[in-house]
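As the structure lists them, so they are numbered: ligands from 1, and atoms in each ligand from 1.
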Amino acid sequence: MSDIATRVVVVSTGGTIASLPDSNADALLSTASGDDLLAALGTLRPEVPVSTEAFCNIGSFAMDLQISFRLARRIDAILAGPDVAGVVVTHGTDTMEEAVFLADLVQSGDKPVIFTGAQRHAAEPDADGPRNLADAILVAASPAMRGTGAVIVFEGEIHAARDVTKVHASRVGTFASSEHGKLGEIDAGQVILQRCTALRRSVRTEAIEDRVDLIRLAMGSDERFMRCALASGARGIVLEAFGRGNVTPALLAPIRDAVRDGVPVLMTSRCPQGRVTPLYGGSGGKGVAAAGAIFAGDLSGIKARVLLALLLGAGETNIADAVRDIAG
Ligand code: ASP
């Protein structure tokens, strides 16, 4: 084995990039292997040594926090190999933003971790998977990506785990980092990094707590969802609240009860951009903060849920400080 890190490992998990129409099921099914995906690259295949590893073969809508945590730990273990330059994960797009953030938080080193996939299935004449995979391999092999953390490479763009979100259900240019913009791009086979990931942190943990619920507020939301979450054993709750982190008056009491019972409540915003912060009285952010909820900066609800699941899995006792450190 060479001691120069040159090899890229493609870890396949399924998703549209690996999906083909199945006439019996009358549906798209994820069946192609990592080797099939590499074979489909043809002349797009970069001149980089690549090996493959099958992790699973499922749509990412069937992923859960435990599977994703095992994947993140496997990625970290592969990266410990001295000849490994980086890892590419082929993954469905539906939950890719959660999986990439989880992998980012769990990563202990500084080698590149690249998630990619496709919006058009593998048998489409204009499938986007091969180009995305070829780009992802190039990015994984690029020394410029050291220390950037886990990213998504899609449609020629590089997006940071913390910021990226899926914005379109079907178009190929589906990933965007709406507030802060992309990290960089791949142009004519060149990897160009335009900014860094200053707010990257990691969480050291051997476990993840998956009983963390995400509740999105709507005008006039009452307390039923929160009461139900608490009664059914939630260990943490993330609220996707209004604007700066304001809730309906009905939610103040269950927030207070959750905090009293040791169930942390994280505040995020329904707005796709901007930070939550306590400003308004009543059931506005000031009231929510007084009830004991923790404000999670500009993290989206689904990313804050991943963070809280890891912090609880780690047995973190000061969730507020840990969230502040990571959410900024
Ligand atoms: N539409 C999804 C994809 O792009 C399905 C999935 O997430 O697995 O792969």
Side-chain angles (χ1 to χ4, degrees), residues 10-41 44 52-72 74-75 87-104 113-137 139-140 150-161 163-178 182 186 210 214 300-303 305-306 309:
V10 174
V11 177
S12 57
T13 73
T16 299
I17 190 169
S19 292
L20 294 164
D22 180 288
S23 48
N24 290 328
D26 188 24
L28 289 174
L29 293 182
S30 185
T31 50
S33 68
D35 289 325
D36 295 334
L37 301 184
L38 278 188
L41 291 183
L44 287 177
T52 57
E53 178 171 316
F55 180 81
C56 60
N57 207 342
I58 58 176
S60 76
F61 41 81
M63 286 278 175
D64 61 31
L65 287 173
Q66 297 294 348
I67 302 173
S68 204
F69 182 62
R70 282 201 299 280
L71 172 64
R74 181 64 200 137
I75 296 166
V87 164
V88 169
V89 182
T90 56
H91 196 285
T93 55
D94 287 355
T95 60
M96 194 186 287
E97 66 200 271
E98 283 146 284
V100 73
F101 188 50
L102 204 160
D104 192 52
V113 176
I114 318 299
F115 277 66
T116 197
Q119 288 277 71
R120 298 189 182 126
H121 68 71
E124 293 271 17
D126 56 351
D128 52 329
R131 169 68 68 184
N132 286 340
L133 178 55
D135 284 350
I137 292 170
V139 177
V151 300
I152 289 179
V153 164
F154 219 92
E155 190 59 359
E157 297 186 344
I158 306 170
H159 291 275
D163 305 328
V164 66
T165 195
K166 181 173 178 178
V167 293
H168 200 283
S170 59
R171 289 198 192 128
V172 294
T174 184
F175 285 105
S177 303
S178 69
K182 63 180 187 271
I186 304 98
D210 48 18
L214 171 64
S300 67
I302 56 176
K303 302 246 170 114
R305 174 174 172 263
V306 167

Atoms of ligand 1 less than 4.0 Å from Gly59 heavy atoms? 8 (O)

Ranking Ser19, Gly129, Gly117, Ser60 by closest non-hydrogen atom to atom 6 (C) of ligand 1, top hit is Ser60

If we ignore hydrogens and angles and just use 3.5 Å, is the side chain of Asp163 paired with the main-chain N or O of Ser178 as donor and acceptor? no

Taking 4.0 angstrom as the limit and counting only heavy atoms of Gln119, give me the atoms of ligand 1 inside it, by number and element. 4 (O)

Under the side chain to side chain contact (heavy atoms under 4.5 Å, CB included) test against Val89, which residue among Thr116, Leu71, Ile114 passes? Leu71

Beyond-backbone contact of Met96 with Ser60, side-chain heavy atoms, under 4.5 angstrom: no

shortest atom 4 (O) of ligand 1-to-protein heavy-atom contact is with Thr93 OG1, 2.4 Å

Residue, atom name and distance, where the atom is the protein heavy atom closest to atom 3 (C) of ligand 1: Thr16 OG1, 2.7 Å

In Thr95, Thr93, Thr174, the residue satisfying side-chain hydrogen bond (donor to acceptor under 3.5 Å, both in side chains) with Lys166 is Thr93

Test of understanding: given a 4.0 Å heavy-atom threshold, classify the contact between His91 and ligand 1 as side chain, backbone, both, or neither. neither

Under 3.5 Å: N/O of Ala118 near N/O of ligand 1: yes

Need the ligand 1 atom indices (1-based, order shown) with element for anything under 4.0 Å from a heavy-atom of Gly15. 8 (O), 9 (O)

Please evaluate residues Thr13 and Ile58 with respect to the criterion side-chain contact (heavy atoms from CB on, under 4.5 Å), reporting the C-alpha separation (whole Å), side-chain torsions for both, the decisive distance (0.1 Å), and the verdict. CA-CA 6 Å; Thr13 73; Ile58 58 176; 5.8 Å; no

Can you name the one residue among Thr165, Ile158, Val164 that meets side chain to side chain contact (heavy atoms under 4.5 Å, CB included) with Ser177? Val164

So which atom in Ala103 and which in Phe115 form the shortest heavy-atom distance, rounded to 0.1 Å? CB-CE1, 3.9 Å

Thr95 N/O to ligand 1 N/O under 3.5 Å: no

